[in-house]
Amino acid sequence: MKKFFEEFKAFALRGNVMDMAIGVIIGGAFSSIVTALTDNLISPILGMLGGANFDQYSVTLLGAEFRYGAFLTAVINFIIMALVLFCLLKAVNKMTHLGKKPEAPAAPTTKICPYCCSEIPIAATKCAHCASELPKTAE
């Protein structure tokens, strides 16, 4: 049992698990900010066009109330959250590529035979396909 707790402690205190936990907590807080933005600013502005807040839209069928306005608000929340996360990830990706130098292309390992146009190893002195002697290249 002691070994189990030691393994769990090593797992829980690893860097990536802690980073994920912090990300989930910040994501939850950010979600509440986006919900407040939608409920208190965007929905009333859009509601002015329709005459009411989206949250108030509902339909009653067979005694059951379907609050489709609340669903529309949730969809708007999702779209805003996705847009903000897209912009954030795009900025982070751009920042990670700022300091990196472009990688130099790898040295070629093959060349083309000038007689038969077959691909052969760069160090070859005779073509394996047409048996032609290859001209010496300056290296």
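Side chains are part of it too, since the values below use all heavy atoms of this structure and drop only hydrogens, waters and symmetry mates.
Around the OH atom of Tyr68, the shell of radius 6.0 Å holds more than 12 heavy atoms that belong to other residues, nucleotides or ligands. Phe78 CZ: 12 or fewer foreign heavy atoms inside a 6.0 Å radius.
Using modelled atom types, one finds no donor on one side chain facing an acceptor on the other under 3.5 Å when comparing Glu65 with Thr60.
Nearest approach of Ala128 to Ile120, heavy atoms of both residues: N-CG2, 4.3 Å.
Residues Lys111 and Leu134 meet the side-chain proximity criterion, which asks for heavy atoms closer than 4.5 Å. Taking the side chain as every heavy atom from C-beta outward, Ser118 and Cys130 never approach each other to under 4.5 Å.
Remark: Ile80 CD1 to Ile33 CD1 distance equals 12.5 Å, nearest 0.5 Å. Between Leu72 atom CG and Arg67 atom CZ the span is 11.5 Å, to the nearest 0.5 Å.
Cluster annotation: Ile122 is not connected to Ile112 through the hydrophobic network of ILVMFWY side chains, with a link wherever side-chain heavy atoms come within less than 4.5 Å.
A search for salt bridge (Lys or Arg N to Asp or Glu O under 4.0 Å) contacts involving Glu6 returns nothing, not counting sequence neighbours. Scanning for side chain to side chain donor-acceptor pair (under 3.5 Å) contacts around Glu7 gives an empty result, with sequence neighbours left out.
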Step-by-step side-chain hydrogen bond (donor to acceptor under 3.5 Å, both in side chains) determination, Thr110 to Glu119: CA-CA 6 Å; Thr110 61; Glu119 193 171 322; 3.0 Å; yes
Stepwise side-chain contact (heavy atoms from CB on, under 4.5 Å) test for Cys116 and Cys127: CA-CA 9 Å; Cys116 68; Cys127 179; 3.6 Å; yes
